[in-house]
**Student:** 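There's a structure below that I have some questions on.
Residue numbers count from 1 along this sequence.
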Amino acid sequence: MAKDQKPERVYLTSPRGVYQWPRLNAPDTKFKEEGEYSVSLILKADAPQTKKFIETLTPHYEAALEAGREEFKKLKVETRKKLKNITENALFTEVFDKETEEPTGEIKFRFTMTASGVSKKTGKAWKRKPKVFDAKGNYMPKPPEIWSGTEGRVNFELRPYFVPGTGACGLGLRLEAAKILKLVSEGGAADASKYGF
């Protein structure tokens, strides 16, 4: 590959899972001035679709770690001595019960999208937000409030990264779109069974 040729972008879609702390309606600006959309997706670790999903991601994750190790070698010797070693961030985290602190048998993936910024090439400001679709695949330009417990899928771009200052590397999952399969919004679940109908 030529030096000026960018690697091909890879987009994937997750299996159905449960959203935790979704920020899909508006970006969170508490810790990042530019704002960040995000959602964590909880999946059952032993489900066949979860295992297949991990199998698909693993080669990309391993390639990101290898690239990170190569970048670490290029750092100045004093930086490498200070950091001591590279930090390989996990692809997903295990979910634990808050009361018992025992594993729940679930794992969690986190997807994020920066909401705004300034183009390095043009100097122009830009904004973006994730696209949201309903269960039938219809685009919702103004989706309802999406709360934790909502079930859905996530479309995302793979973004390998290496942070020279900390020596951290891994595979970022950049949020692109969300498909809502069972909505939980203000007042609880959207289905009629909540009200005994």
**Student:** Whether E176 and R174 form a salt bridge (side-chain N of Lys/Arg under 4.0 Å from carboxylate O of Asp/Glu) is what I want to check.
**Tutor:** yes
**Student:** Quick check on F31: does its CZ atom have over 12 non-hydrogen neighbours (other residues, nucleotides or ligands) under 6.0 Å away?
**Tutor:** no
**Student:** Where do P144 and N25 come nearest, in terms of heavy atoms and distance?
**Tutor:** O-ND2, 2.8 Å
**Student:** Should the pair E106-K44 be classified as a salt bridge under the 4.0 Å nitrogen-to-oxygen rule?
**Tutor:** no
**Student:** Looking only at heavy atoms, what is the nearest atom pair of G170 and L65, with distance?
**Tutor:** CA-CD2, 4.1 Å
**Student:** Does K73 come within less than 4.0 Å of E70, counting only side-chain N to carboxylate O?
**Tutor:** yes
**Student:** Please name the pair of heavy atoms, one in F133 and one in G137, separated by the smallest distance, quoted to 0.1 Å.
**Tutor:** CD2-O, 3.5 Å
**Student:** Could K108 and E94 be called an ion pair, given the rule that one side-chain N must be under 4.0 Å from one carboxylate O?
**Tutor:** no
**Student:** Using every non-hydrogen atom in the two residues, find where K179 and A135 come nearest and quote the distance to one decimal.
**Tutor:** CE-O, 3.3 Å
**Student:** Is it true that E78 and K81 have a side-chain N and a carboxylate O under 4.0 angstrom from each other?
**Tutor:** no
**Student:** Would you say that F156 contacts L175 through its side chain, given a criterion of any heavy-atom pair below 4.5 Å between the two side chains?
**Tutor:** no
**Student:** For the residue pair L24 and A178, what are the closest heavy atoms and their distance?
**Tutor:** CD1-CB, 4.0 Å
**Student:** Identify the heavy atoms of P22 and I146 that sit nearest to each other, and give their distance.
**Tutor:** CG-O, 3.3 Å
**Student:** Does W126 reach the side chain of R128, with side-chain heavy atoms less than 4.5 Å apart?
**Tutor:** yes
**Student:** Distance only, no hydrogens: is a donor on one side chain within 3.5 Å (strictly under) of an acceptor on the other, for T104 and D97?
**Tutor:** no
**Student:** Centres of the F53 and F109 rings: under 6.0 Å?
**Tutor:** yes
